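What follows is a set of notes on a single structure, which appears directly below.
Everything numeric in this text was worked out from a predicted model, so none of it was measured. All ligand and atom numbering here is 1-based and tracks the order in the structure.
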Amino acid sequence: MMDIAERMGRLGTESAFEVLARARALERQGRQVVHLEIGEPDFDTPDHIKAAAKRALDAGVTHYGPSAGIPELRDAIARHVAETRGIEVAPDEVVVTPGAKPIMFFTILALVNRGDEVIYPNPGFPIYESVVNFVGGVPVPIPLTEETGFGFDLAELERRVSRKTRLIIINSPENPTGGVLDPDDIGRIAELARHYRVPVLSDEIYRRFLYEGRFASIASLPGMKPQTIILDGFSKSYAMTGWRLGYGVMPPALAEHMTRLMTNSASCTATFIQHAGVAALQGDDAPVREMVEEFRLRRDLMVDGLNRIPGVTCQRPRGAFYVFPSVRALRRPSKEIATYLLDEAGVAVLWGTAFGEFGEGYLRLSYAASREAIGRALEAMQKALARLA
Ligand SMILES: Cc1ncc(COP(=O)(O)O)c(C=O)c1O
């Protein structure tokens with residue numbers, strides 16, 4: 001018997017991985033499942049990126065590298081972020097990690113003391129709240145509501161932000177709602193962050209998946225760069241979820257602490273994979289643009305199809321690759337509906353409360369699946385939900 005440390009009781013999880021495991025178990029029993037639960041493009045990684053990793057392996061790039069990342073990649077990221085956000089970025093402000101998730105974990109670990117408050121979106125990526133609880137911080141959720149297009153409730157933010165706030169987390173385009181923060185919203189969040197001198201973790205992993213308007217980063221606003229941590233990576237934009245490659249951009253003093261966290265945990269990110277990252281940033285961008293155009297078509301297919309199902313209503317999200325339809329009219333807990341859809345319709349989706357208490361009444365479906373699979377899922381859902389009603 002092993003006694004588990006008390007802190008483990010405060011660590012949450014990401015339900016997408018649990019539902020994926022359940023769906024795979026059903027498939028092993030011979031059932032057919034359409035996977036709309038996990039947040040990853042179904043596209044293959046572009047060839048020139050794979051070729052760069054193979055070349056690196058063949059050239060013997062199989063050893064440890066610097067904890068903060070290889071200089072070539074930190075340099076390429078600094079240039080890429082400078083160009084895409086219109087700010088100056090130096091390589092020593094970049095920390096490379098295995099996937100972007102560690103940037104979230106390390107930022108909270110490095111900045112939040114026991115009892116410190118952290119503001120974050122709810123429904124939102126579940127790991128924010130999980131890690132804040134883990135370090136003994138106090139989660140302060142800001143509800144995102146359908147009525148306001150799933151943007152931050154700024155009035156609520158103004159009420160909740162205070163001298164006790166140690167970190168504000170924003171995510172635009174957003175998982176799970178597909179909501180996007182408008183420049184005015186970002187401007188107001190920046191004003192409050194500056195006034196209270198609160199750092200902002202800006203999760204920009206879905207930056208490329210924006211179907212209307214231009215992307216705006218809070219780091220680009222006057223005075224904000226020294227108090228912003230940009231989180232970004234390769235998983236979504238370049239269809240590289242399984243490669244595990246992400247990064248943060250932050251002031252050098254914080255980058256040193258993040259680097260020490262890397263030394264204490266993973267040592268470094270796989271070096272041959274970092275060479276693939278350089279190829280992704282410097283190579284042909286057309287595959288990314290084509291993927292995003294295809295996702296726009298799938299979004300419309302999904303939204304239109306869902307709105308034809310009695311009891312379901314769905315807004316057309318402006319970003320990411322998720323829809324967040326309301327199933328309130330079905331008058332059952334969203335988790336029950338999601339479980340029913342997997343068991344009865346063979347459609348794996350997530351329930352809104354997997355993203356926080358304010359997600360009740362909604363489901364999250366990823367449309368990073370083929371149009372054919374989306375069509376099959378919609379048909380199966382329509383039949384199953386008709387039986388439920
Ligand atoms: C909002 C958000 N941030 C960060 C991540 C983490 O990405 P990665 O796979 O690079 O760790 C995800 C992945 O699902 C996400 O949805």
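In the model, E204 has a side-chain atom that pairs as donor or acceptor with a side-chain atom of S217 under 3.5 Å.
Hydrophobic clustering, defined by side-chain heavy atoms of Ile, Leu, Val, Met, Phe, Trp and Tyr closer than 4.5 Å, leaves M2 isolated from every other such residue.
Between F43 and F295, the distance separating the two ring centers is shorter than 6.0 angstrom.
T339 is linked by a side-chain contact (heavy atoms from CB on, under 4.5 Å) to R22, K335, D343, counting only residues two or more places apart in sequence or in another chain. Checked against side-chain contact (heavy atoms from CB on, under 4.5 Å), A90 has the following partners two or more places apart in sequence or in another chain: D92, E93.
Sorted by chain then number, the residues whose non-hydrogen atoms approach ligand 1 to under 4.0 Å are G99, A100, K101, M104, F125, Y128, N171, N175, D203, I205, Y206, S235, K236, R244.
Residue V200 forms a side-chain contact (heavy atoms from CB on, under 4.5 Å) with just one option from L221, I170, L167, and that option is I170.
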